[in-house]
Amino acid sequence: MSLTNNLSTSMISSSSSAFLAPTSFNASRTQSVSVPLKSLNIVKCVATPQEQQIAYKTKVSRNANIAKLQAGYLFPEVARRRAAHLLKYPNAQVISLGIGDTTEPIPDVITSAMAKRSHALSTLEGYSGYGAEQGEKAVRAALASTFYGNLGIEEDDIFVSDGAKCDISRLQVVFGSDVTMAVQDPSYPAYVDSSVIMGQTGQFQKDVEKYANIEYMRCTPENGFFPDLSTVARTDIIFFCSPNNPTGAAATREQLTRLVQFAKDNGSIIVYDSAYALYMSDNNPRSIFEIPGAKEVAIETASFSKYAGFTGVRLGWTVVPKQLLFSDGFPVAKDFNRIVCTCFNGASNISQAGGLACLSPEGLEAMKEVIGFYKENTKIIVETFNSLGFKVYGGQNAPYVWVHFPGRNSWDVFSEILEKTHIVTTPGSGFGPGGEGFIRVSAFGHRENVLEACRRFQQLYN
């Protein structure tokens, strides 16, 4: 039976048509609480008028590379618009399917391990201070055996961290400002923004919505969201995410074989983001190191965030094989280790206890259930937009649905959906010029919120 059978028009009209009346929406949920004011210390925050002159300036110049960045980082900008919407409609029941933040509780088998480690810190026997910057030996060994058992990756190739996003910036410090880079278009904005900050790019070109000196590898429905490598110029670094954020597309074994060969032919390094690998339903590679020769040209970064609900706990890892060498023959891993030791004191020992529990048989099964829940949400969203006649991509191998609005400005679509349904999505153009005309809908949400959001989508676009 279709998961969207219960999203009929009659249900919408009888149960949720009031969402288009923003001033009264969700009024029944508003509670009044009486608090005696005399018991409070009230601090009044007053904004400084922009026209007020600054009394003093230092003689330190602003980083010119940061000044190149356009507006704010994508997801804080989405959050800002959500907050402004709530000021306009304070009683609205806003549903967030925008930023890819997990919503379901972390399985008990994992949190109990973190609680035990946390409590042990209050004992003489269980206390520990600084740990190895590269991560605890047991966690590195478990990652190697669980995800790279037959791929020739050893535990000392793995660096445990506070998340893949943080490691992307650490890798950029390793590469420095004199490298060139390529990125899928559209793609996760941290790749481009960190390149801009490092000084690897030129100025932003408003006519084409691109930064100079970045090779944007266009990924479209027409090419199966895999770039035509014959048209891609040689760069030093290639950022590649599969399953992809935001499109949800997953590269096949044949496609990744071509990518690895392309990197070898050009002497490039691939930074492969596999943060959504466990969402894969198709028989595609879950690691770049499944491809022969990849250890000579690739780095892989990954995270527990979307597997175990660790978006707040913070734990990830990066694999830098010993075989990966710079042009002078120096191992890339040694430079990455130097940056890690300089810029990082290691992941939290409590988080690592949770990570080790994730990799136990019980933990792996628990993560599988959490992932299955979000994949079911994805199926509901895909069926909804398909039923409305939209071209829908992704969803099969990632917790994101990529919906096409031909000829529309994606920020306009974002605003229309937010204004008329109180649902937060993400505009496709925030992921690069190739995302114009699309929105990304995240499957991270409570089931009742996803079902309600789909009712509202049906009412808006039927």
Side-chain angles (χ1 to χ4, degrees), residues 60-69 72-76 128-140 143-144 153-181 183 188-201 236-241 269-275 298-305 310-322 324-328 330-356:
V60 179
S61 299
R62 184 187 180 197
N63 184 329
N65 294 315
I66 295 179
K68 295 177 189 174
L69 293 170
Y73 186 68
L74 172 61
F75 298 112
S128 61
Y130 290 128
E133 292 90 345
Q134 303 83 359
E136 296 178 1
K137 180 178 175 63
V139 179
R140 299 170 83 189
L143 286 166
I153 296 297
E154 300 174 348
E155 64 181 72
D156 58 352
D157 294 322
I158 298 173
F159 296 79
V160 180
S161 72
D162 50 348
K165 183 178 182 180
C166 304
D167 276 346
I168 288 166
S169 290
R170 294 184 188 112
L171 286 168
Q172 291 282 33
V173 175
V174 172
F175 299 142
S177 59
D178 293 332
V179 298
T180 55
M181 62 89 73
V183 65
Y188 183 47
Y191 313 140
V192 168
D193 283 11
S194 59
S195 294
V196 175
I197 292 169
M198 282 301 301
Q200 299 168 1
T201 76
D236 296 309
I237 311 300
I238 303 168
F239 281 96
F240 198 91
C241 179
I269 293 176
I270 301 166
V271 177
Y272 189 81
D273 187 342
S274 64
I299 293 166
E300 182 166 296
T301 185
S303 169
F304 286 101
S305 288
F310 272 29
T311 51
V313 173
R314 307 306 307 150
L315 194 69
W317 69 94
T318 290
V319 182
V320 189
K322 301 177 187 67
L324 181 64
L325 307 176
F326 287 116
S327 59
D328 63 356
F330 196 82
V332 175
K334 287 190 175 182
D335 276 357
F336 187 63
N337 184 67
R338 184 67 173 84
I339 295 300
V340 166
C341 291
T342 300
C343 303
F344 186 50
N345 277 329
S348 158
N349 45 23
I350 299 171
S351 297
Q352 291 191 75
L356 198 58

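Heavy-atom basis, side chains included; hydrogens, waters and symmetry copies ignored. The residues of the chain are indexed from 1 along the displayed sequence.
- Between the CZ atom of F240 and the CD1 atom of I238 there is a distance of 9.5 Å, given to the nearest 0.5 Å.
- Test V174, V332, L171, V179 against I269 for side-chain contact (heavy atoms from CB on, under 4.5 Å) and you get one pass: V332.
- Inter-residue side-chain proximity for F344 and D167 is flagged as unmet; no heavy-atom pair is nearer than 4.5 Å.
- Here the side chains of S305 and K165 are not in contact, with every heavy-atom distance at 4.5 Å or above.
- The backbone N or O of V313 sits less than 3.5 Å from a side-chain atom of S351, completing a donor-acceptor pair.
- Going from atom CD1 of I237 over to atom CD of Q200 covers 7.5 Å, rounded to the nearest 0.5 Å.
- Atom CD of residue E133 and atom CG of residue N337 lie 8.0 Å apart, to the nearest 0.5 angstrom.
- Looking at N349 and E136, their side chains come closer than 4.5 Å, going by heavy atoms from C-beta outward.
- Taking both residues in full, the closest heavy atoms of R314 and G163 are given as NH2-CA, 3.6 Å, listed atom of the first, atom of the second, then distance.
- Interatomic distance, CG of L69 versus OG1 of T201, reported as 8.0 Å (0.5 Å rounding).
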Exercise. Would you check, one step at a time, whether the test side-chain contact (heavy atoms from CB on, under 4.5 Å) holds for I168 with D273?
Key: CA-CA 9 Å; I168 288 166; D273 187 342; 4.3 Å; yes

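- The heavy-atom pair separating A298 from P321 by the smallest distance is O-CD, 3.3 Å.
- Of all heavy-atom pairs between I153 and A144, the closest is O-CB, 4.0 Å.
- Shown here for I158 and W317, the closest heavy-atom pair between the two residues is CG2-CB, 4.0 Å.
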Quiz item: So Q134 and C341, side-chain contact (heavy atoms from CB on, under 4.5 Å) or not? Walk me through it.
Solution: CA-CA 8 Å; Q134 303 83 359; C341 291; 3.7 Å; yes

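- Here the closest heavy-atom approach between residue S161 and residue R170 is recorded as CB-NH1, 3.8 Å.
- Considering all non-hydrogen atoms of both residues, V160 and R140 come closest at CG2-CG, 3.7 Å.
- Salt-bridge formation is detected for the pair K322/D157: a Lys NZ or Arg NE/NH1/NH2 atom is positioned less than 4.0 Å from an Asp or Glu carboxylate oxygen.
- Enclosure of atom OH in Y130 is not indicated, since only 12 or fewer non-hydrogen atoms of other residues, nucleotides or ligands lie within 6.0 angstrom.
- Every residue two or more places apart in sequence or in another chain that forms a ring pair (Phe, Tyr, Trp, His ring centres under 6.0 Å) with Y191 is listed here: Y188, F239.
- Side-chain contact between M198 and N65 is absent, with no heavy atoms from C-beta onward closer than 4.5 Å.
- Within 6.0 Å of atom CG in N63, more than 12 heavy atoms from other residues, nucleotides or ligands are found, so the atom counts as buried in its surroundings.
- Not one N or O on the side chain of D162 forms a donor-acceptor pair closer than 3.5 Å with the backbone of A347.
- Checked for salt-bridge contact, R338 and D335 miss the test: no charged N lies under 4.0 Å from a carboxylate O.
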Exercise. Might you work through the side-chain contact (heavy atoms from CB on, under 4.5 Å) test for F175 and V271, ending with a clear yes or no?
Key: CA-CA 11 Å; F175 299 142; V271 177; 3.9 Å; yes

